Amino acid sequence: MPQIPIALGSNVGDRRGYLDAALRRLRVEPHIRVVAVSPYYDTPPVDASADSQNYLNAAALLDTDLPPQAVLRIFLEIEHQLGRRRPATARAMGLYAPRTLDLDLLCYGDQIWDSPELTLPHPRMHERSFVLKPLADIAPNIVHPVLRQTVADLLADRPADERDAVKMPSFTEDSNRHLFAGVRVLVTGSTSGIGRAMATAFAERGADVLIHGYRSHEAAATVANQLRAYGQDCRAVMADLRQPAEVDRLAKEAWDTLGDGLGVLICNAGADTLTGELAKLSFDEKLETLLAVDLKATMRLARAIGDKMKAAGRGTILTMGWDQAETGMEGDSGQLFAAVKGAVMSFTRSLALSLAPQVRVNCLAPGWIRTAWGETASAAWHDRVRRETPLGVWGLPDDLAAAAVWLASPGANFMTGQTVRINGGAVR
Ligand SMILES: Nc1ncnc2c1ncn2[C@@H]1O[C@H](COP(=O)(O)OP(=O)(O)OP(=O)(O)O)[C@@H](O)[C@H]1O
Ligand SMILES: Nc1nc2c(c(=O)[nH]1)N=C(CO)CN2
């Protein structure tokens, strides 16, 4: 069975995310094995319509017992699931429109084939440095079935300036600014505190962000407005997460509001039973509220959006646990949070298994973080926090945001089902 070279390209939004997602999708196809993947290259658009950005291109080698027509059908399905639409206008002018994902079958052994659906070898592979250069990294000796030249030789025949223009992307400070370009993010409970810090961190890095609030539309709209300063689409949505119907509406609205789907969901919202009105509730009332907001709403929202992400072939979800859920803390609050957040942490592990491999699900378990409660805590509490935190300081909302950014980024591509403690080093 010959190894089948394919080409991948993306020049819209989160290009790396689309290529990663396409490869993940191919890896779960029962009749396909992904044998090798080239590095990703940044390439200037060729024969492209005027609105085209640079592409990210890669090549891969597949091993399969499927006929080429069946492989192509899978490619078209993956392209469609990952948001590829085919506008008639650019193509009519002989130009290629921007696309979230392009998957091309380059050769299938020595087969030569020409039908309206499939041409083999791909008719333009030999004249595209953006195809030949990545392919030469993993299969320089594959022979073009018509031209009878190897990939390495075909690449050597391309003009030097065209070859040189196919470059590794540079990961400079500035690329951070675009880490989440084209990615749509919903952060629940993001009008203040940790949620707001997370929403800001994603907007700073190029994401479109949906701010969720439940009491004050004005507060949510204000945060969304501030985040628009980063240049993307940021909006506010309201939902009372104690009501299952509201959670369902949020799931639907969030999926549709910023465009087609969500790349990142952060279930951050939690009932604050330590300060304000809710602090006056009885133990039982607090338990009901925490169960409704922190646990049930997280489960309902993450399951609804998670299913859609899985069907779309990509996405990542973060939930919020609590570091002392595992180690224990005395008192009513300790019991309440341990029960509720412990359940969130356990749920996260099972959801991660349910949604793998398309969707990664992880949990952030904060320790003592200086949020609203920290601001009002007594001097004795401050002492205790310092004593119990090996790093000797409170954590800040930005510390959680930095961890969320990393967990949602391609840097954490091999992380799922984990609870990450962000707690200044407390280990017992
Ligand atoms: N070897 C091939 N690989 C992928 N698609 C092919 C191949 N041969 C023919 N096709 C057909 O071409 C169509 C792909 O059109 P598409 O809009 O993706 O072209 P393109 O990606 O814009 O151009 P190019 O194929 O030059 O990269 C598909 O409908 C598919 O049936
Ligand atoms: N750099 C680059 N240019 C292109 C590409 C591509 O993948 N990379 N694909 C095209 C049509 O599929 C047209 N132009």
Side-chain angles (χ1 to χ4, degrees), residues 2-16 18-19 22-23 25-26 32 37-62 64 66-137 142 144-147 151 154-155 158-159 161-169:
Q3 296 198 330
I4 314 301
I6 70 167
L8 302 90
S10 168
N11 78 332
V12 174
D14 178 15
R15 305 175 306 169
R16 180 170 291 273
Y18 287 117
L19 298 193
L23 288 163
R25 279 297 321 271
L26 286 169
I32 292 180
V37 179
S38 77
Y40 296 177
Y41 285 93
D42 191 68
T43 70
V46 174
D47 298 334
S49 57
D51 52 342
S52 291
Q53 318 268 340
N54 270 18
Y55 277 77
L56 205 60
N57 282 113
L61 283 178
L62 308 183
T64 182
L66 296 173
Q69 290 81 0
V71 176
L72 190 64
R73 266 197 302 280
I74 292 171
F75 283 8
L76 293 176
E77 189 184 307
I78 295 175
E79 286 177 346
H80 187 78
Q81 283 177 351
L82 292 180
R84 170 81 178 269
R85 302 292 177 264
R86 292 185 158 75
T89 41
R91 200 57 193 270
M93 294 163 62
L95 296 172
Y96 295 105
R99 67 267 326 260
T100 53
L101 180 67
D102 193 25
L103 288 174
D104 287 335
L105 189 53
L106 298 175
C107 311
Y108 192 97
D110 271 347
Q111 279 198 33
I112 295 171
W113 188 270
D114 202 357
S115 73
E117 298 75 40
L118 178 65
T119 307
L120 285 174
H122 189 288
R124 286 165 290 281
M125 69 173 278
H126 61 285
E127 57 192 29
R128 290 177 160 178
S129 292
F130 63 79
V131 168
L132 296 170
K133 196 158 170 178
L135 187 57
D137 287 337
I142 285 189
H144 190 286
V146 177
L147 302 173
V151 166
L154 289 170
L155 178 62
R158 300 308 307 157
D161 56 340
E162 187 190 290
R163 258 184 290 142
D164 293 345
V166 175
K167 292 197 292 246
M168 303 296 281

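As the structure lists them, so they are numbered: ligands from 1, and atoms in each ligand from 1. Since the structure is predicted, the reported quantities are computational estimates derived from the model, not experimental observations.
Counting heavy atoms closer than 4.0 Å to ligand 2, residue Ala48 contributes nothing at all. When non-hydrogen atoms are compared, ligand 2 lies under 4.0 Å from the backbone of Thr43 as well as from its side chain. Contacts between Asp104 and ligand 1 below 4.0 angstrom, taking non-hydrogen atoms only, involve backbone and side chain alike. Here Arg73 has no heavy atoms under 4.0 Å from ligand 1, in either its backbone or its side chain.
Other residues, nucleotides and ligands place no more than 12 heavy atoms under 6.0 Å from the CD atom of Gln53.
When only non-hydrogen protein atoms are considered, atom 7 (O) of ligand 2 lies nearest to Asn57 ND2, 2.7 Å. Looking from atom 6 (C) of ligand 2 to the surrounding protein, the closest heavy atom is Phe130 CE1, 3.1 Å. Looking only at protein heavy atoms, the nearest one to atom 10 (C) of ligand 2 is Tyr55 OH, 3.8 Å. Val46 O, 2.7 Å is the protein heavy atom nearest to atom 14 (N) of ligand 2.
Of the N or O atoms in Leu72, none lie within a sub-3.5 Å distance of an N or O in ligand 1. Checked by distance only, ligand 1 and Glu79 stay at 3.5 Å or farther apart across all their nitrogen or oxygen atoms. Checked against a 3.5 angstrom limit, the closest N/O atoms of Arg99 and ligand 2 fall inside it.
In this structure, Pro44 is part of the shell of residues with a heavy atom less than 4.0 angstrom from ligand 2.
Counting only non-hydrogen atoms, the option in Asp114, Leu118, Leu76 that gets closest to atom 29 (O) of ligand 1 is Leu76. Distances from atom 25 (O) of ligand 1 to the heavy atoms of His122, Glu117, Met125 put His122 nearest.
Close approach of ligand 2 to Asp102 is summarised as follows: ligand atoms under 4.0 Å from at least one heavy atom of the residue are 12 (O). Applying the 4.0 Å criterion to heavy atoms of Arg99 picks out, from ligand 1, the atoms 20 (P), 21 (O), 22 (O). Residue Arg124 approaches ligand 1 through these ligand atoms, each under 4.0 Å from one of its heavy atoms: 24 (P), 25 (O), 26 (O). Heavy-atom proximity to Asp102, at under 4.0 Å, picks out these atoms of ligand 1: 18 (O), 21 (O), 27 (O). Within ligand 1, the atoms closer than 4.0 Å to a non-hydrogen atom of Arg128 are 24 (P), 26 (O), 27 (O), numbered from 1 in the order shown.
Both tests hold for Arg128 against Tyr96: distance to the six-membered ring centre under 6.0 Å, angle to the ring axis within 45°.
Annotation: the span from Leu19 atom CG to Leu8 atom CG amounts to 6.0 Å, rounded to 0.5 Å. In this structure, the separation between CZ on Arg99 and OG on Ser52 is 8.0 Å, given to the nearest 0.5 Å. Leu120 contributes atom CG, which lies 9.0 Å from atom CH2 of Trp113 (distance to the nearest 0.5 angstrom). The distance from atom OH of Tyr55 to atom CZ of Arg15, rounded to the nearest 0.5 Å, is 11.0 Å. Expressed to the nearest 0.5 Å, how far NE2 of His122 lies from CG of Leu106 amounts to 7.0 Å. Between atom CD1 of residue Ile74 and atom CG of residue Leu66 there is a gap of 5.0 Å, rounded to the nearest 0.5 Å.
When Leu103, Ile78, Val12, Asp102 are each tested for a side-chain contact (heavy atoms from CB on, under 4.5 Å) with Arg84, only one passes: Asp102.
Looking at heavy atoms from C-beta onward, Leu61 lies out of side-chain contact with Ile4 at the 4.5 angstrom threshold. For the pair Pro121 and His144, the minimum side-chain heavy-atom distance is below 4.5 Å.
Between the side chains of Tyr41 and Asp137, at least one donor N or O lies within less than 3.5 Å of an accepting N or O.
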